[in-house]
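Naming: A, B, ... by sequence-line order, numbering from 1 per chain. Nothing here was measured: the structure is a model prediction, and the numbers come from that model.
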Amino acid sequence: MPEKEPTSPVSFIKGLILEDLKTNKYAGRVHTRFPPEPNGYLHIGHAKSICLNFTLAAEFGGLCNLRFDDTNPSREEVEYVDSIKEDVRWLGFDWADREFYASDYFEKLYLFAVKLIGKGKAYVDDQNAEQIRESRGTLTLAGRESPYRNRSVNENLDLFERMRAGEFPDGSRVLRARIDMASSNLNMRDPVMYRILHAQHHRTGNRWCIYPMYDFAHGQCDSIEGITHSICTLEFEDHRPLYDWFLDEIEIYHPRQIEFARLNLSHTVMSKRKLLELVREGHVTGWDDPRMPTLSGLRRRGYTAESVRNFCERIGVAKRDSMVDTALLEHCLREDLNKKALRVMAVLRPLRLVIDNYPDGQVEELDAMNNPEDPAGGTRKVPFSKVLYIEQEDFLEAPPKKFYRLAPGREVRLRYAYFVKCVGVVKDDITGKVVEVHCIYDPATKGGDSPDRRKVMATLHWVSAGHAVPAEVRLYEHLFTKADPAQEEEGLDFKSRLNPTSLEILRSCKLEPSLAGASRGSHYQFERLGYFCVDTKDSEPGKSVFNRTVTLRDEWAKIRRTEQETATARQKTQAPPVETTATIEDFSKLDLRVGVVREASLVKGADKLLKLGVDIGEGRTRQIFAGIRAFYPEPEKLLGRTVLVVANLKPRQMKFGVSEGMILAGTGEGRLGVVTFEGDLLPGDKVS
RNA sequence: UGGGGUGUCGUCAAGCGGUAAGACACGGGCCUUUGGAGCCCGCAUUCGGAGGUUCGAAUCCUCCCACCCCAGCCA
């Protein structure tokens, strides 16, 4: 019995366990298991199950086994068992020496089957898959009994032995339980127990050519391991009568199956099939792409095991289908990282700031706190000089009402440094963009305090230009634009909801020098920006790559967002559609990128469109629809061509799919050509 | 139209006949050398709907409605 009643709200599962403990059903034991099939990587949904099984056992002083459900050699691989073990370990759970495989029990399972045959409860069926399906009946109609259902025990025994011996080809026969072809539960209509599969198994090699089905394996494996509570997801509820039937008929120790609702997370997908599809089709870079909900993806993104565990505890366990908001996961992450992450300064989109009255060549080493949440975290030195970088978005020439960062004539604090006041700007002759900000500083405010109690509206982060460490930073957003991308409507599948801006790569970031030796996987807070970690795969000593794990909560971004929303809402309700003409000023806002055409094809049902796959250096190809078919009747001729892409357009939903950009083209006298050029420009290079 | 489940705030989720916890999100305020963090306040007269039982119902009963799962030799 547990020493104390659990303090957190008792989940219905705990309630059932408490009940069993009270009636002494399992002699006071609680023993669970986490039973993954090694056919894919673990995701956050599995984490829910792992946490549930391991913590439940621990709470009641019991154990939890790790058991691989490897009953189907045709789709399972060692790569997956290795990744699964790594992920469970990373999450912080220990299965000690209790690492089991369903394949460990193949011999025992075979004997159980023989026993059922002996009792007249199982038979060898010579029908093929087609015939079995056809005779199973429907949801409302009973099935038909197989013509082989009443074979003698001896004949069944002989046939089953010969199935094992390899006398028959794949699919020619199966072993079936003899239950009830008229059952309203389809799982009870003589389910298949064994199928013939001449396949190499990752553990048993060629020793077997018949393999048990899930239903015939799972309960018996639980039984063999002495599992008390076999916790699984809702879709197995219908299988419970079968789970119970096998155990009762085989007459062995009987665990209890309990079902709970699997986790759904907003803005992502959780099914292995869909995740595999994203990997195979290159929408992500792999199972561990930081945008994936896989544990390896979350880990690479910078999630901590503690935050994932905490999340799993907070979402609770119940039986109703639900969709948890990703915001909760992010909240758990920030909560954890806020305590742990060292604060540093990094500028993602640099804007030069020159302090006119600061002595040329002077460098000061200023003290900065490593973590204000943890006074014991100490301080470090950060170099300060005349020329600095600040964030582009921290300066606005014409600041709107609620913007209280730097602007002409305005004074702000540079964190840990000085108050500076903007006295001028330098603009690009052609674009008119501000490329440099000039300030004067107040030497009396060294460290960031003003002796005269003068207040500033904002504190900015900065990096000394002469000391900056260059870095690449990858910004991530939700993988999908819709909360529930799996919900199919209007014939659109989940991939049409992929977020075209789920990854943005910034290549000219400037870091404070203390980050020069940051080791792979370490977490930092870039002050005012978010939490970042050193990429475990692509970061090299001289060329560091950081992943944005999650942003900080951002009031200013929220203000902008709501203002934008009300503006577009207003537009929708009143503004009549206007002809828009691009002005030269508007052109400066276009993000023109060099792209290489990787795919090009005709669009069925659209006589003007071509569908292009264009690489603009984002690690994936963008899908772009262009109305240039009349001029490029043979789209394959565009393959490999370098084109000019407008990259910052809002993705447009078209009848045939989402178009994520526009290709620049020129016209002249009934002819049209896309703008192409030669030269050593790389995909993603910016063009102006 | 068969069977198995589930419906409590925008999203999760407690509640088990005695008068709707908590978290996230959201809104407001305080504080602040991160528009971060922290702190404070607000946020379901009502529990899918309709009847009924009861002094009293989200909890018990009846009927209805909605959603999810099941017709793999996948798990």
Visitor: Listed by chain and number, what are the salt bridge (Lys or Arg N to Asp or Glu O under 4.0 Å) partners of A/Asp442, not counting sequence neighbours?
Guide: A/Arg454
Visitor: Return the set of residues passing salt bridge (Lys or Arg N to Asp or Glu O under 4.0 Å) with A/Glu77 (not counting sequence neighbours), or none when no residue passes.
Guide: none
Visitor: Taking the C1' atom of each, how far is B/rU62 from B/rC69, in whole Å?
Guide: 27 Å
Visitor: For RNA chain B, what residues of residues 337-349 of chain A have any heavy atom nearer than 4.0 Å?
Guide: A/Asn338, A/Arg343
Visitor: Applying ring pair (Phe, Tyr, Trp, His ring centres under 6.0 Å), name anything that partners A/Tyr105, two or more places apart in sequence or on another chain.
Guide: none
Visitor: In whole Å, what is the span from the CD atom of A/Glu330 to the P atom of B/rG36?
Guide: 16 Å
Visitor: How many whole angstroms separate atom CZ of A/Phe532 from atom C1' of B/rG36?
Guide: 13 Å
Visitor: For B/rG28, does the glycosidic angle fall within 90° of 0 (syn) or outside that (anti)?
Guide: anti
Visitor: How would you summarise protein contacts on nucleotides 69-75 of chain B per nucleotide, using B for base, S for sugar-phosphate only and - for none, with heavy-atom distances below 4.0 Å?
Guide: BBBSBBB
Visitor: Check ring pair (Phe, Tyr, Trp, His ring centres under 6.0 Å) between A/Phe68 and all other residues, then give those that pass, not counting sequence neighbours.
Guide: A/Tyr101
Visitor: Using whole Å, report how far CD of A/Gln257 lies from C1' of B/rG5.
Guide: 13 Å
Visitor: Considering residues at least two apart in sequence or located in another chain, which fulfil the salt bridge (Lys or Arg N to Asp or Glu O under 4.0 Å) criterion with A/Glu330?
Guide: none
Visitor: Indicate, with a heavy-atom threshold strictly under 4.0 Å, whether A/Tyr404 touches base, sugar-phosphate, or nothing.
Guide: base
Visitor: Can you tell me how far P in B/rC12 sits from the matching atom in B/rG56, rounded to whole Å?
Guide: 34 Å
Visitor: What string of B, S and - do you get for nucleotides 7-12 of chain B, 5' to 3', if B is base contact, S is sugar-phosphate-only contact and - is no contact with any protein heavy atom under 4.0 Å?
Guide: SB--SS
Visitor: Rounded to whole angstroms, how far apart are NE2 on A/His461 and P on B/rU32?
Guide: 23 Å
Visitor: If we count only N and O atoms by modelled type, under 3.5 Å, do the side chains of A/Glu37 and A/Asn39 hold a donor and an acceptor together?
Guide: yes
Visitor: Identify, with sequence neighbours excluded, every residue that meets ring pair (Phe, Tyr, Trp, His ring centres under 6.0 Å) alongside A/Tyr524.
Guide: none
Visitor: Going by ring pair (Phe, Tyr, Trp, His ring centres under 6.0 Å), name the residues that satisfy it together with A/Phe168, two or more places apart in sequence or in a different chain.
Guide: none
Visitor: If you measure from the C1' atom in B/rC30 to the same atom in B/rA37, how many Å do you get, rounded?
Guide: 14 Å
Visitor: Looking across every strand, which nucleic acid part, if any, lies under 4.0 Å from A/Lys272 by heavy atom: base, sugar-phosphate, or nothing?
Guide: nothing
Visitor: Residues two or more places apart in sequence or in another chain: which of them pass side chain to side chain contact (heavy atoms under 4.5 Å, CB included) with A/Arg413?
Guide: A/Phe419, A/Val456, A/Thr459
Visitor: List the residues meeting salt bridge (Lys or Arg N to Asp or Glu O under 4.0 Å) with A/Lys381, not counting sequence neighbours, and say none if there are none.
Guide: A/Asp367
